[in-house]
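Because the structure is a prediction, the values reported are computed rather than measured.
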Number of protein chains: 2
Amino acid sequence: MSFQSHNHRQCIKRGVQHATDQCEKAGLQLTPIRQRVLELLLTEHRALGAYDILEKLSEDGWKSQPPVAYRALDFLVQHGFAHKVERLNAFIACTTPETNHNPAFLICRICEAVAEIHPQLSRGALGRTAKDAGFVIEQAVVEAEGVCPNCR
Amino acid sequence: MSFQSHNHRQCIKRGVQHATDQCEKAGLQLTPIRQRVLELLLTEHRALGAYDILEKLSEDGWKSQPPVAYRALDFLVQHGFAHKVERLNAFIACTTPETNHNPAFLICRICEAVAEIHPQLSRGALGRTAKDAGFVIEQAVVEAEGVCPNCR
DNA sequence: ATTGGAATGTTATAATATATCACTATGAAC
DNA sequence: GTTCATAGTGATATATTATAACATTCCAAT
Ligand SMILES: [Zn+2]
Ligand SMILES: [Zn+2]
Ligand SMILES: [Zn+2]
Ligand SMILES: [Zn+2]
């Protein structure tokens, strides 16, 4: 859980390592830009906008245009290495890329920290209601805003 | 439930009537523009973007600029007469404005119909997970995408 | 060597949203 | 009745987020 203090260097290392391995296995190309964007996202437990990413890339010497950031982000999201937080129009590295999952997010409105969690929604009230309505859920955006334990 | 066939004229009438009453009671001004925007939203069980609204307003003779639409939408959202669907960056009239609620949405990716539902999330897995993490949820965005009964 | 695909570079523009200031109406305070 | 404060609207400009379209590079397979 990203709200708790933890060995954050390991978050980054683990994230990059996992992506590297997965891409190797699946024949995907974790190109320098894609890897760098993933690292940037992993650096903070906070969602970054595409233009934040662009700015940071530019500090690295990549003077890239918007499509570059969006492409890298698309790739990462597509393959489950990152997620888009719709409420923020921003992106965050996946913190549990090992497991197939339907992530939900807890967003602190004070410090902007974002934690990825995995409640079993389909079994809960949402899934039941949808089922009753004859609606087939393919994907769910679940984003809770509030105050994290550190900001209370 | 907006997926089922129903007397839709009544949806519109009820929505406007409720807003009128509420505003009367609370000393709020349901101005012509605000009422018209609400009507436009009520016309379809589909989310409309601010610029869709602007276009429709313009067909009515109001040659308005973006802030006009956003202000009216802000008002409606603020007072619970409409909701923003984050996943779509668009707005939809509330279908059950009588009750205090934390709405969730079912979004059909085929016909774009949106249904507002009210699962008891706080009692479910999400609420539990948040509580365990010491996170206080103030608001939750819950938006499921999939296929509605009519499009199956 | 040629071809084809995937990734990136580059330019332009679309789509969504807000800041700011000017103007108007309304109603309360004096 | 005039003054004043407030809420709403009008209007201009600009910020922020996102994509379309086409050119170029690189590498591997034929
Ligand atoms: Zn960490
Ligand atoms: Zn916090
Ligand atoms: Zn209806
Ligand atoms: Zn449908």
query = Do any N or O atoms from the side chain of A:Asp52 and from the backbone of A:Gly49 form a donor-acceptor pair under 3.5 angstrom?
reply = yes
Check ion pair B:Lys56-B:Glu59 (N to O, under 4.0 angstrom) = no
task = To the nearest Å, give me how far apart CZ (A:Arg71) and P (D:dA21) are.
result = 13 Å
note = Residues B:Gln29 and B:Phe75: closest non-hydrogen pair is O-CZ, 3.8 Å
task = Could you name each residue pair satisfying salt bridge (charged side-chain N to carboxylate O under 4.0 Å, His left out) that touches residues 135-144 of chain B, not counting sequence neighbours?
result = A:Arg109-B:Glu138
inquiry  = If you compare all heavy atoms of A:Leu38 against all heavy atoms of A:Val16, which two are closest, and at what distance to 0.1 Å?
reply    = CD2-CA, 4.3 Å
request  = Taking B:His8 for its side chain and B:His6 for its backbone only, find out whether a donor-acceptor pair lies under 3.5 Å.
outcome  = no
task = Mind listing the residues from residues 26-37 of chain B sitting with a heavy atom below 4.0 Å of DNA chain D? Number order is fine.
result = B:Gln29, B:Thr31, B:Ile33, B:Arg34
ask   = Separation of A:Asp74 atom CG from D:dT19 atom P, in whole Å?
value = 7 Å
message = Using the rule that Ile, Leu, Val, Met, Phe, Trp and Tyr join whenever any side-chain heavy atoms are under 4.5 Å apart, tell me whether A:Phe135 and B:Val147 fall into a single cluster.
response = no
For chain A, the stretch of DNA chain C it reaches, first to last nucleotide, under 4.0 Å of its heavy atoms = C:dA6 to C:dT11
remark   = Per side-chain hydrogen bond (donor to acceptor under 3.5 Å, both in side chains), A:His118 is matched among A:Thr99, A:Asn102, A:Thr96 by A:Thr96
query = Given the rule that I, L, V, M, F, W and Y join up when any side-chain heavy atoms are under 4.5 Å apart, are B:Ile117 and B:Val114 in one cluster?
reply = no
task = Spell out, yes or no, whether A:Ile107 and B:Val136 are grouped together once hydrophobic residues are joined by side-chain heavy atoms under 4.5 Å, including indirect joins.
result = no
key: A:Gly80 to A:Cys94 - nearest heavy-atom pair and separation   = O-CB, 3.5 Å
Distances for protein N or O near nucleotides 12-18 of chain D N or O, under 3.5 Å:
| unit_1 | atom_1 | unit_2 | atom_2 | d |
| --- | --- | --- | --- | --- |
| D:dA18 | OP1 | A:Lys84 | NZ | 2.7 |
| D:dA18 | OP2 | A:Tyr70 | OH | 3.1 |
| D:dA18 | O5' | A:Tyr70 | OH | 3.4 |
| D:dA18 | N7 | A:Tyr51 | OH | 2.7 |
| D:dA18 | N6 | A:Tyr51 | OH | 3.2 |

ask   = Does any pair with a residue in residues 62-83 of chain B pass side chain to side chain donor-acceptor pair (under 3.5 Å), and if so which ones, sequence neighbours excluded?
value = B:His83-B:His101, B:His83-B:Glu116
key: Partner of B:Leu48 under side chain to side chain contact (heavy atoms under 4.5 Å, CB included), chosen from B:Leu88, B:Ile53, B:Ile92   = B:Ile53
ask   = How does protein contact run along nucleotides 24-30 of chain D, one letter per nucleotide 5' to 3', with B for base contact, S for sugar-phosphate only, - for none, heavy atoms under 4.0 Å?
value = -------
